[in-house]
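Only one structure is covered here, and it is reproduced in the block below.
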2 protein chains.
Amino acid sequence: MSTAEETAGGETQPWGEVTPDAARRLLVAAVEAFAERGYHATTTRDIAGRAGMSPAALYIHYKTKEELLHRISRIGHEKALRVLRTAAEGEGTPTERLAEAVRSFVRWHAGQHTVARVVQYELDALGPDARAEIVALRRQNDSTVREIIEDGVAAGEFDVPDVKGTTLAVLSLCIDVARWFNVNGPRTPDEVGALYADLVLRMVGAEK
Amino acid sequence: MSTAEETAGGETQPWGEVTPDAARRLLVAAVEAFAERGYHATTTRDIAGRAGMSPAALYIHYKTKEELLHRISRIGHEKALRVLRTAAEGEGTPTERLAEAVRSFVRWHAGQHTVARVVQYELDALGPDARAEIVALRRQNDSTVREIIEDGVAAGEFDVPDVKGTTLAVLSLCIDVARWFNVNGPRTPDEVGALYADLVLRMVGAEK
DNA sequence: GGGCTCTCTAAGCAACCGCTCACCTTCGGG
DNA sequence: CCCGAAGGTGAGCGGTTGCTTAGAGAGCCC
């Protein structure tokens, strides 16, 4: 939090943790390419070209093309999880915490929709071990949201007949933002976040 | 409706309109392969192999691999749209029609989740012309749902501050079912449909 | 200034891709 | 009984893929 890195939606220094510089440039190029065309339709030559390097340079910093995807997926998931948890662990009633969690999680998926798209939709391109690691991170998203909803039910603020199903639906709604969000569209990440927070509060039967 | 083909979620005679028999087998094989590994990761040899034919046989019935995807996308979208419209144009109040529309649309995306996955997530693999055709079909989904919501608002049954945004969210929620639905999971397509219909009624502020 | 490490490139290899072609079989109609 | 159309195959072509290798510079410590 001491750095300027922690703004949800539009980070000032994204991928700052990736060094050296050439490795970061390659990773950013890979994110763009994967998000645009998909993992399998992206060539290593394309990634290297976007980073202004020769095809062989990629293999100095990464063992395989899959390792690039793995790195992107882990870092992306960890960031999204951190955003979600920060909101979930904040002060306030379950209603306020759920609203803030959805607002910031959606804001991230909209603002960082290229990363989010890779992270959420290219999971199957990973090998079994890497996929298992990412799936574990995903389950933490699920737990975080479910706990807020359970808190709200216990406090009598929410009316939710099916907690597990509603948790699934809430997360599904947020994640799918990465698929349809368009930078040139009519809505900003903030606006989508506000809209979705309102819709989710309605889904759990919370008073506004 | 005179045939036994029209059961949402699990059709008795799917792809019945595709002839001859070999062309249908190839198309079914392609749906499985595309849904499992994605369009770009699927080879024509894989498709032909699943259909029990040699690689060359594919090109007797389809000009290119992309034509297969195009055919799948169009047929799949048309079926989903028909399911949605049948519910939307039915009798009843906007509340009843919205619930039925969501219920059957979700049931289709869960029951036919392999087709739905191809249809919804491989759009970018199509060329510009084919993509434009599919996008047009998608806009009809959007209009269908928006009209029900507008009817409900006009009738005083719904409380929806942002009709366009809510329409988007409802469709997004339904479509994303295709991504996470698992046949071996704990829920049947019917159960997911019922849960989602309830959640959507809450989103639009309808009385139960 | 010689050697060592780190970074990067030009060239290319083996494998695999979508797709084609020459040829074979099956089968209904005259 | 021959014929043409329709449906299928084995072999393979040109191009592309992920990745490797041999070697060139640049910087740095001694």
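Below, all heavy atoms of this structure are taken into account, side chains as well, without hydrogens, waters or symmetry copies. Chain A is the first sequence line, chain B the second, and so forth, proteins listed ahead of strands; every chain is numbered from 1.
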Next on the checklist: Quick one, A/D176 with B/R179, criterion salt bridge (Lys or Arg N to Asp or Glu O under 4.0 Å). Give me CA distance, side-chain angles, the key distance, then yes/no.
Outcome noted: CA-CA 9 Å; A/D176 201 50; B/R179 182 179 58 89; 5.5 Å; no
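Counting to the nearest Å, the P atom of D/dT17 and the CD1 atom of A/I47 are 11 Å from each other. A straight line from OH of A/Y62 to P of D/dT20 spans 16 Å, rounded to a whole angstrom. Nucleotide D/dT21 holds its C1' atom 12 Å from the CD1 atom of A/I60, rounded to whole Å. The distance between atom CG of B/L26 and atom P of D/dG7, rounded to the nearest whole Å, is 12 Å. The distance between atom CZ of A/R37 and atom P of D/dT17, rounded to the nearest whole Å, is 10 Å.
The closest side-chain donor-acceptor pair between B/Q140 and B/H77, if any, does not fall under 3.5 angstrom.
Contact check, B/H61 against D/dA6: no side-chain N or O comes under 4.0 Å of OP1 or OP2.
Not a single donor-acceptor pair under 3.5 Å links the side chain of B/Y62 to the backbone N or O of B/L69.
Taking 4.5 Å as the limit, every side-chain heavy atom of B/Q112 sits out of range of all side-chain heavy atoms of B/V119. Residues A/K79 and A/W108 meet the side-chain proximity criterion, which asks for heavy atoms closer than 4.5 Å.
In this structure, A/R82 does not pair ionically with A/E78, as no charged nitrogen and carboxylate oxygen lie closer than 4.0 Å.
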Checklist entry - Tell me, for nucleotides 14-26 of chain C in 5' to 3' order, what letter each nucleotide earns: B for a base near a protein heavy atom under 4.0 Å, S for only sugar-phosphate near one, - for neither? => result ---SBBBB-----
